[in-house]
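All of these numbers come straight from a predicted model, not from anything done at the bench.
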Amino acid sequence: MGLEDLLFLQYTGGTTGLSKGAMLTHENLLANIAQFEAVSPGFIDRGNEVVITAIPMYHIFALMVNTLSFFKLGGSNVLVTNPRDMESFVKTWAASSPTIFTGVNTLYVGLLHTPGFSDIDFSNLKISMGGGAPVQQAVSQKWKDLTGRYIKEGYGLSETSPILTVNQLAESEYRAGIGLPVPSTDISLRGDDGQEVPQGESGELCAKGPQIMKGYWRQPEATAEVTTEDGYFKTGDIAVMEPDGYFRIVDRKKDMILVSGFNVFPNEIEEAVAGMPGVIESACVGVPHEATGEAVKLFVVKADAAVTEDDVRSFCRERLAGYKVPKQVVFM
């Protein structure tokens, strides 16, 4: 058995339709475990950490971080088999007193709105990590107010084992975005012409490193579509590099909404609405519109029954350009 031998077929569809098997090798996963260790010195107490795993272990995030990395680090793994049963989840948390928690934005939102969660003692919690989807600032702030820790966002895909970038665990303040590349990882932001974009401009995030897959299982054409001429993997995500070298995802390339020729990214609207009192979460999509080509449609879950469509639009209008304000608001 060699480092280049196939270890996993990690199936992924993203926003591109049919699932494809990302060919991950022994080297890919070993490299990403080492990269995760390299960004967490001084924070991981070998043999003494307790990590709660509420995201599926077949998902690349929980597979690499929770399962493989903390197995190597000698941590105890508390498996939550049905995180939708929030009442039971809260009881498990209280009983296990975890030091590490990983989850997606919606999972953090769910816990924050579950009765009894605010009564837990979080003094042992050292690290809260988010991935799989953008971590909203409003959610991270509410988590900090309750637990004393901001959510540290990382970024990656099934095709990248998954971690490409992560925010520094040592930082005590909130930082928007996906952080810095992990060791031995090169990030290049490319335009539609395949060339690197100027500093400060947005472009498709492309990556090269030892954690990048060999390709898609028995799909050479699909592999070629996501590989640049100089060997970078094209993630399909649009990002910006800040002056200090940190990266921020704008949105999925294929999720962009075109309103009267203007680019609208759903993440920005969802981020704004996350800070609205009486709203739990929202999801934004583009829909056909006769006059503007596409229009913004927002689906909202509210905690306060008094919140109206006009309230949501007014809140957005104060924080977003006019063409980004949702034309349609649907309460779920």
Side-chain angles (χ1 to χ4, degrees), residues 12-20 104-106 109 131-139 153 155 157-159 176-178 189-195 197-198 200-206 222 225-226 228 234-242 247-276 278-302 307-332:
T12 175
T15 59
T16 60
L18 293 175
S19 291
K20 301 179 290 294
V104 295
N105 192 78
T106 52
V109 171
V135 175
Q136 296 168 333
Q137 181 174 357
V139 175
E153 186 173 357
Y155 169 77
L157 302 90
S158 296
E159 293 91 336
I178 58 173
L189 303 185
R190 306 286 178 96
D192 291 336
D193 59 359
Q195 301 300 308
V197 299
E201 292 189 12
S202 62
E204 182 174 7
L205 192 152
C206 303
E225 288 177 2
V226 298
T228 65
K234 299 191 289 185
T235 67
D237 288 313
I238 304 299
V240 174
M241 186 175 77
E242 307 291 2
F247 287 87
R248 174 172 52 86
I249 295 292
V250 179
D251 216 321
R252 289 290 297 173
K253 189 174 184 178
K254 295 184 178 181
D255 288 350
M256 186 180 70
I257 305 167
L258 200 61
V259 179
S260 297
F262 292 99
N263 294 341
V264 178
F265 291 100
N267 275 354
E268 182 182 3
I269 298 167
E270 294 162 2
E271 176 78 34
V273 177
M276 181 176 178
V279 168
I280 297 176
E281 56 186 342
S282 69
C284 178
V285 298
V287 294
H289 192 275
E290 290 183 2
T292 59
E294 286 187 297
V296 176
K297 184 172 184 177
L298 188 69
F299 296 88
V300 178
V301 178
K302 58 182 178 179
V307 174
T308 67
E309 295 179 32
D310 287 339
D311 292 336
V312 174
R313 290 196 191 91
S314 297
F315 188 84
C316 290
R317 200 170 288 115
E318 294 174 359
R319 292 159 177 81
L320 301 167
Y323 63 89
K324 299 178 182 179
V325 175
K327 288 287 186 184
Q328 302 176 39
V329 178
V330 178
F331 293 108
M332 306 295 288

Inset, instruction - Answer whether the closest heavy-atom distance between the side chains of Tyr155 and Glu153 falls below 4.5 Å. - result: no
Legend entry - Which atom of Val259 lies closest to which atom of Ala295, heavy atoms considered: CG2-CA, 4.4 Å
Legend entry - Heavy-atom check, side chain of Pro134 versus side chain of Asn105, under 4.5 Å: no
Legend entry - Short side-chain to backbone donor-acceptor contact, Glu281 and Val301, under 3.5 Å: no
Legend entry - Separation between CG of Leu205 and CG of Leu189, rounded to the nearest 0.5 Å: 5.5 Å
Legend entry - Inter-residue atom distance Asn267.CG - Asp237.CG, 0.5 Å rounding: 9.0 Å
Inset, instruction - Work out which heavy atom in Ile257 is nearest to a heavy atom in Gly286; give both atom names and the distance. - result: CD1-N, 3.5 Å
Inset, instruction - Give a yes or no answer on whether the side chain of Glu204 reaches the backbone of Gly236 with a donor-acceptor pair at less than 3.5 Å. - result: yes
Inset, instruction - Could you tell me the separation between the CD atom of Gln136 and the OG atom of Ser282, rounded to the nearest 0.5 Å? - result: 6.5 Å
Inset, instruction - Heavy atoms only: give me the nearest Ser202-Val250 pair and the separation to one decimal. - result: CB-CG2, 4.4 Å
Legend entry - 4.5 Å side-chain heavy-atom contact, Leu298 and Val273: yes
Inset, instruction - Measure the shortest side-chain to side-chain distance between Val226 and Glu159 over non-hydrogen atoms and say whether it is less than 4.5 angstrom. - result: no
Legend entry - More than 12 heavy atoms from other groups under 6.0 Å of CG on Asp192: no
Legend entry - Flag side-chain contact, heavy atom, 4.5 Å: Glu294 against Val287: no
Inset, instruction - Apply salt bridge (charged side-chain N to carboxylate O under 4.0 Å, His left out) to Glu201 and list each qualifying residue two or more places apart in sequence or on a separate chain. - result: none
Legend entry - Minimum-distance pair of heavy atoms, taken over all atoms of Cys284 and Pro266: O-CB, 3.6 Å
Inset, instruction - Please tell me if the side chains of Arg190 and Lys234 come closer than 4.5 Å, counting only heavy atoms from C-beta onward. - result: no
Legend entry - Side-chain H-bond candidate by donor/acceptor type, Asp311 with Thr308, under 3.5 Å: yes
Legend entry - Pairwise side-chain contact, Met276 with Val307, heavy-atom cut-off 4.5 Å (strictly under): yes
Inset, instruction - Assess whether side-chain contact (heavy atoms from CB on, under 4.5 Å) is satisfied between Asn263 and Leu258, documenting all intermediate values. - result: CA-CA 5 Å; Asn263 294 341; Leu258 200 61; 3.2 Å; yes
Legend entry - Interatomic spacing from OG1 in Thr235 to CG in Leu157 - rounded to 0.5 Å: 6.0 Å
Below 3.5 Å, can you tabulate the donor-acceptor pairs from side chains in residues 315-332 to any protein atom, sequence neighbours excluded?
{"unit_1": "Arg319", "atom_1": "NH1", "unit_2": "Phe315", "atom_2": "O", "d": "2.9"}
{"unit_1": "Lys324", "atom_1": "NZ", "unit_2": "Glu268", "atom_2": "OE1", "d": "2.8"}
{"unit_1": "Lys324", "atom_1": "NZ", "unit_2": "Glu268", "atom_2": "OE2", "d": "3.1"}

